[in-house]
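Single-structure report; data block below.
So that the names make sense, note that chain A is the first sequence line, chain B the second, and so on, each numbered from 1.
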2 protein chains.
Amino acid sequence: MAGTDRTLESLAGGPAIVLVEPQLGENIGMVARAMANFGLTDLRLVAPRDGWPNEKARAAASRADHVIDGARVFETVREAVADLTWLLATTARPRDSLKPVRGPKSASAELRARIAAGRPAGILFGRERFGLSNEEVGLADEIVTFPVNPAFASLNIAQAVLLMSYEWMQSGGEDGAEEAPRFAPPEAEPADKGDLHRFLDHTEALLDRLGYFRPPERKVALSEKLRTTLTKANFNRMEVHALHGVLRHVEFKLDGGQE
Amino acid sequence: MAGTDRTLESLAGGPAIVLVEPQLGENIGMVARAMANFGLTDLRLVAPRDGWPNEKARAAASRADHVIDGARVFETVREAVADLTWLLATTARPRDSLKPVRGPKSASAELRARIAAGRPAGILFGRERFGLSNEEVGLADEIVTFPVNPAFASLNIAQAVLLMSYEWMQSGGEDGAEEAPRFAPPEAEPADKGDLHRFLDHTEALLDRLGYFRPPERKVALSEKLRTTLTKANFNRMEVHALHGVLRHVEFKLDGGQE
């Protein structure tokens with residue numbers, strides 16, 4: 001089944017996600033969903049216990065139908081990975097193995113580099129119960145383990161795929177990769193200091209009118225504290241505008257205004 | 001229910017994971033498992049649909065019993081976050097919100113810095129079906145969104161918790177810790193959310209009394225805007241105390257008080 005089409009697909013869809021003898025359709029579905037969340041599409045199933053297609057898988061995929069529909073079934077791991085040029089095996093803990101061991105971030109960077117160079121690559125995920133056999137791990141070039149709490153290290157298969165898919169997208173930089181935190185959308189530009197100070201003056205005048213600054217010798221200190229508080233809040237222009245409105249309303253009421 | 005024990009617990013266990021009206025016990029269990037995988041322990045449930053304890057949750061937690069046993073149930077989000085000093089809300093996509101938006105990596109670094117400084121912090125996760133309400137998002141200081149494939153953005157609740165927990169553990173590595181921002185001196189501890197919400201309620205009650213929320217159908221929107229503005233300000237304990245004093249003074253004057 002190897003061929004051009006398949007190779008192109010592997011490249012477009014990121015690394016192949018290869019599930020070895022998955023037992024529960026629900027897990028396959030959740031794997032598909034996790035892949036779709038992070039832009040992966042090439043799902044390969046080795047001898048799924050309950051056959052294929054599997055309606056439980058489709059239901060659990062939560063509309064990641066393109067991944068479910070595109071999934072391919074193989075009888076053996078070797079057939080499933082035949083067109084790949086680089087293969088990772090996921091294991092719960094580093095085994096007594098001579099293979100290099102990476103974490104998901106470093107593994108994703110390496111996958112990204114290889115796939116960008118036109119070289120199909122994939123990741124093996126083991127059975128729910130007992131993972132991958134030594135022989136299957138032996139097929140891989142390198143091992144990925146997840147940096148989990150050693151006291152509680154069991155990740156389920158969908159979670160392991162999720163983390164790899166997430167790191168895959170992160171490694172891409174462009175699309176979904178995490179950007180620096182965004183502060184203030186364009187309509188919420190920080191108020192300039194002129195606006196802010198007019199607001200602070202307005203607040204102070206109103207509180208003065210209300211006799212808040214007592215005794216008088218405390219006025220400077222109290223006012224400064226209040227200004228510090230309201231400056232630190234880093235209100236944007238809209239917010240300053242709205243807060244002016246609140247102050248004007250209080251003044252209106254104090255003047256005996258009725259609506 | 002605020003107190004030393006709870007605060008210590010929040011700090012030892014990393015950020016609090018707060019699930020708002022979770023429906024399926026299975027999801028709660030998978031959340032607990034994901035937390036345990038990455039060393040988190042402080043699970044809080046707001047009005048879980050099927051009550052608590054929940055045997056399906058325990059089964060799905062796959063031996064993360066310490067998280068399940070330690071989970072606490074609250075009737076409202078406000079009660080659940082009352083002892084926290086910094087709160088993130090997870091949303092599927094950045095809303096039309098004036099709150100800062102971060103990805104999980106940056107959010108984890110910020111959580112790590114705050115918690116290392118002895119300041120309890122937490123993360124809100126919404127309902128399976130429709131996430132968090134605007135009002136609930138309004139309680140948070142900042143928003144976290146996940147860098148997912150925009151064409152397929154739905155993450156389930158356990159997956160969202162898994163990614164945050166994973167990044168939390170990642171953030172514990174050497175690099176992140178070194179550049180921890182410096183926070184204000186100890187006398188300027190951030191107000192906890194209980195204090196903040198009492199101040200927001202106080203503000204709203206006063207403005208209501210003054211007839212500020214007009215027309216009545218605008219009340220919810222106006223109040224939400226004001227709460228967002230004043231939450232974003234991240235006032236510390238002293239500041240909230242002083243602002244209460246300002247409100248009380250205005251009330252005193254409105255009641256015809258003379259000094």
Is A/T229 close to B/N236 at the side-chain level, that is, under 4.5 Å between some pair of heavy atoms?
no
Given heavy-atom pairs under 4.5 angstrom as the criterion, report whether the side chain, backbone, both or neither of B/Y166 touches chain A.
side chain
A/A158 versus chain B, the contacting section by heavy-atom distance below 4.5 Å
neither
Just checking A/R63: does its CZ atom have more than 12 heavy atoms from other residues, nucleotides or ligands closer to it than 6.0 angstrom?
no
Chain B contact via A/L226 - which portion, at a heavy-atom distance below 4.5 Å
side chain
Toward chain A, the part of B/L222 with a non-hydrogen atom under 4.5 Å:
neither
For B/A151, is it the side chain, the backbone, both or neither that has a heavy atom under 4.5 Å from a heavy atom of chain A?
neither
Identify the heavy atoms of B/N156 and A/M30 that sit nearest to each other, and give their distance.
ND2-CE, 3.9 Å
So which of B/L155, B/L207, B/N234 has the largest heavy-atom pair count under 4.5 angstrom toward chain A?
B/L155
How long is the straight-line distance from NZ of A/K105 back to CD of B/Q170, given to the nearest 0.5 Å?
4.5 Å
What are the two closest non-hydrogen atoms of A/N37 and B/Q159, and how far apart are they?
OD1-OE1, 3.8 Å
Atom of B/K225, atom of A/A242 and distance for their closest heavy-atom approach:
CE-CB, 4.2 Å
For the side chain of A/N149 and the backbone of B/A36, is there at least one donor-acceptor N/O pair under 3.5 Å apart?
yes
Taking atom NE2 of A/H197 as the centre, report whether more than 12 heavy atoms of other residues, nucleotides or ligands fall under 6.0 Å from it.
yes
Minimum heavy-atom distance B/F38-A/P147, with the two atoms named
CE2-O, 3.5 Å
To the nearest 0.5 Å, atom CE of A/M35 lies from atom CZ of B/F152 at 11.0 Å
With only heavy atoms counted, which part of A/L243 is less than 4.5 Å from chain B, the side chain, the backbone, both or neither?
side chain
Tell me if the CD atom of A/E217 is crowded by more than 12 foreign heavy atoms within 6.0 Å.
yes
